[in-house]
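The block underneath contains the structure these notes are about, expressed in structure tokens.
Remember, predicted model here, so these are calculated numbers, not experimental data. Order of appearance sets the numbers: ligands from 1, and atoms from 1 within every ligand.
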Amino acid sequence: MYRLHRCNRAKACILALLSIISPLFSADTYPKTPDGARAFMEAVEADLMQIFTEDARAGWVNANFITHDTQILASKATEKTVSTIVRYAKESTRFDGVKMPDDLARKFKALKNSTAMPTPGDPKLAAELAQIVTRMTGTYGKGKYTPPGSNPLDLGDLSEILAEHKDPEQMLMAWEGWRTVSPAIRKDYQRFVELANQGARELGFKNLAEMWCGKYDMPPEEFPKELDRLWEQVKPLYISLHAYVRNKLRDHYGAEVVPADGPIPAHLLGNMWSQQWSNIYDLVSPGDADPGYDLTQILKDRKMDAIQMVKVGERFFTSLGFEPLPATFWERSLFVQPKDRDVVCHASAWSIDFKDDLRIKMCIKINADDFSTIHHELGHNFYQRAYNHQPLFFQESANDGFHEAVGDTLSLSITPNYLKDLGYIDAVPDPSKDIGLLLNQALDKIAFLPFGLLIDQWRWKVFSGEVTPENYNKAWWELRKKYQGIMPPVKRTEEHFDPAAKYHVAANVPYTRYFLAHILQFQFHRSLAEAAGNEGPLHRASIYGSKKAGKILADMLAMGSSQPWPEALYAISGTRQMDAGAILDYFAPLKEWLDKQNEGRPVGW
Ligand code: X8Z
Ligand code: ZN
């Protein structure tokens with residue numbers, strides 16, 4: 001349905017109506033005036049709203065039933081979406097030079113940058129690009145490895161081995177096994193880069209990297225510098241954590257497996273990509289500072305099922321004053337991995353119709369990781385609903401890091417006090433256990449930072465041509481070493497394609513957003529915790545039940561992307577700069593403790 005009520009100026013409204021009557025409208029029919037530009041934009045928004053909705057339905061069905069036919073349907077829908085965006089973006093140059101109010105100029109900018117995979121104008125190439133991205137995502141989603149004499153194992157099975165086994169041989173099998181899926185993506189990826197770069201150039205960008213960096217309300221060349229600044233702030237903390245973990249792993253696995261002063265072998269960190277390390281907490285726990293409870297065990301002991309876990313997540317949001325999720329959320333979401341078909345298990349949150357048709361799609365396992373991922377996904381849904389009154393091009397987060405930070409912000413409030421309120425633990429551990437709490441949190445939040453950064457560092461080099469297909473894997477492992485201080489446990493060559501063993505590379509989802517989110521969520525947490533009246537240390541603060549914090553959050557979410565992100569950041573935190581001060585404050589006691597543990601031992605790699 002077109003949304004005529006969006007027309008708020010009479011002249012623009014009539015022009016927009018005209019273009020709806022003739023759906024194949026062109027910018028040429030609009031006068032080169034501010035009113036003409038506004039009318040064109042309203043028609044574009046109405047048309048794209050429909051196209052996006054159709055695309056979301058096809059994408060949803062495809063991700064829930066990966067078959068030959070759904071791949072075709074989904075790629076056709078994507079092709080239509082992206083080609084339409086690109087066509088309107090090109091036509092919109094007709095209004096270059098027209099003096100527009102800020103809000104309208106912002107929409108024109110958003111139009112030009114509203115896809116992560118711009119298709120070339122040539123329809124054949126556009127179709128090829130859409131097919132490639134759908135195929136890469138499908139290959140990843142269906143991926144399985146069959147060890148000799150065993151059943152096929154999917155990513156969930158292999159991840160579980162890495163998370164739970166402490167047998168290096170088994171872990172190596174899982175690590176290498178999953179990486180037998182991605183070489184099939186290499187050729188597609190290479191072609192994807194050529195085509196998407198061509199699409200970006202046709203829109204006036206140097207390449208896809210410049211386009212991706214152009215979404216942050218600052219010149220694209222400034223954005224990487226902003227990231228460097230943030231990374232330099234947090235790097236010392238990461239290096240301290242890395243050194244401590246390396247020592248503990250060396251104690252456990254022996255000097256022949258873990259070097260004293262080199263990178264850590266990637267299969268020992270409890271996660272398929274070594275991106276979050278809390279699964280090895282038991283190997284590195286600080287002895288007498290351990291808080292003495294294990295959330296995974298608690299969820300299992302309480303015989304929680306997937307839906308109950310999502311209900312607990314929803315209750316956190318309603319405790320802040322948000323409306324409960326609609327009944328259709330519960331009817332249409334996917335919570336449990338179906339046994340009889342291939343689905344994309346990588347968790348995601350959807351707003352199908354830009355109003356209330358909200359859903360998550362997740363293969364929930366009963367553990368602490370997924371408990372927090374549930375909050376993460378619900379954060380997307382509550383954000384989507386909070387800005388659903390905005391015009392299409394402002395139905396986005398302030399910057400993409402904000403979208404990824406909302407649910408995580410709430411997860412930071414899953415403190416012992418909160419767990420006691422839920423009746424999950426009987427007593428709150430005393431402050432002498434804080435190092436255990438902080439270490440557990442750092443294994444996820446601090447370990448993630450260099451990983452969050454390096455994926456797009458690799459892609460930007462690939463898009464700009466600095467890294468060529470002959471060096472895809474080599475460049476990948478150089479960055480893994482440089483930022484994370486990890487190394488492959490076995491020799492890797494250009495026969496492999498390890499970047500695409502990560503969902504976001506195969507599915508072409510930009511990744512810097514998660515790095516930003518890890519910085520932002522601590523800024524959000526600090527100011528919301530203060531609003532909620534917390535006075536103690538940040539890592540003990542919970543905003544559960546605080547309507548005051550909830551209102552501040554909801555007001556910021558409702559802004560969508562209607563204003564530059566520094567304004568949204570100001571609204572929630574009183575500052576306009578992304579800054580690692582809050583995350584450093586949060587972990588300050590741990591940093592001191594880690595440095596003491598590391599005394600006299602090698603640090604760095
Ligand atoms: O992809 C996700 C979410 C969906 S937006 C589950 N995350 C990143 C990942 O899994 O690699 C959340 C943390 C980082
Ligand atoms: Zn997310």
Q.
Under 6.0 Å from the ring centre and within 45 degrees of the ring axis: does the NZ or CZ of Arg359 meet both conditions for the six-membered ring of Trp60?
A. yes

(Q) Which heavy atom of Pro236 sits nearest to which heavy atom of Glu232, and what is that distance? (A) CD-O, 3.5 Å

Q.
For the backbone of Tyr216 and the side chain of Asn399, can you confirm whether one donor and one acceptor N or O come within less than 3.5 Å of each other?
A. no

Q: Specify the protein heavy atom at minimum distance from atom 6 (C) of ligand 1: its residue, its atom name, and the distance to 0.1 Å.
A: Glu377 OE2, 3.2 Å

Q | Proximal atoms of ligand 1 relative to Lys502 (non-hydrogen, under 4.0 Å) | A | 9 (C), 10 (O), 11 (O)

Q | Which N, O or S atom of Glu404 lies nearest to the Zn ion (ligand 2), by name | A | OE1

Q) Starting from atom 1 (O) of ligand 1, which protein heavy atom do you reach first, and at what distance in Å? A) His346 NE2, 2.6 Å

Q | Pair Asp369, Gln276: side-chain N/O donor-acceptor within cut-off below 3.5 Å | A | no

Q: Taking atom types as modelled, find out whether Glu404 and His380 have a side-chain donor-acceptor pair closer than 3.5 angstrom.
A: yes

Q: Name the orientation class of the two ring planes belonging to Tyr383 and His403 (parallel below 30°, tilted from 30 to 60°, perpendicular beyond 60°).
A: tilted

Q) Nearest non-hydrogen atom to atom 12 (C) of ligand 1 belongs to which of Tyr514, Phe448, Phe515? A) Tyr514

(Q) Give the atom numbers and elements of ligand 1 that come within less than 4.0 Å of a heavy atom of Gln275. (A) 9 (C), 10 (O), 11 (O)

Q) What pair of heavy atoms forms the shortest contact from Ala541 to His525, and how long is it? A) O-CE1, 3.2 Å

Q) Counting heavy atoms only, which of Trp273, Tyr503, Tyr511 is nearest atom 11 (O) of ligand 1? A) Tyr511

Q: Below 4.0 angstrom from a heavy atom of His380, which ligand 1 atoms are there? Numbered from 1 as shown, please.
A: 5 (S)

Q: Would you mind listing which atoms of ligand 1 come within a distance below 4.0 Å of any non-hydrogen atom of Glu404?
A: 5 (S)

**Q.** Heavy-atom donor-acceptor pair, Arg459 side chain to Ala209 backbone, under 3.5 Å
**A.** no

Q | Geometric N/O contact His376 with ligand 1, under 3.5 angstrom | A | no

Q: Within a distance under 4.0 Å of any heavy atom of Ala347, pick out the atoms of ligand 1 and give their elements.
A: 4 (C), 6 (C)

Q: Under the side-chain hydrogen bond (donor to acceptor under 3.5 Å, both in side chains) rule, what do Tyr472 and Asp498 come out as? Steps first, then yes or no, please.
A: CA-CA 9 Å; Tyr472 274 172; Asp498 297 323; over 6 Å; no

Q. Quick one: does Ser348 get an N or O within less than 3.5 Å of an N or O on ligand 1?
A. no

(Q) Nearest N/O/S atom of His376 with respect to the Zn ion (ligand 2), by atom name, please. (A) NE2

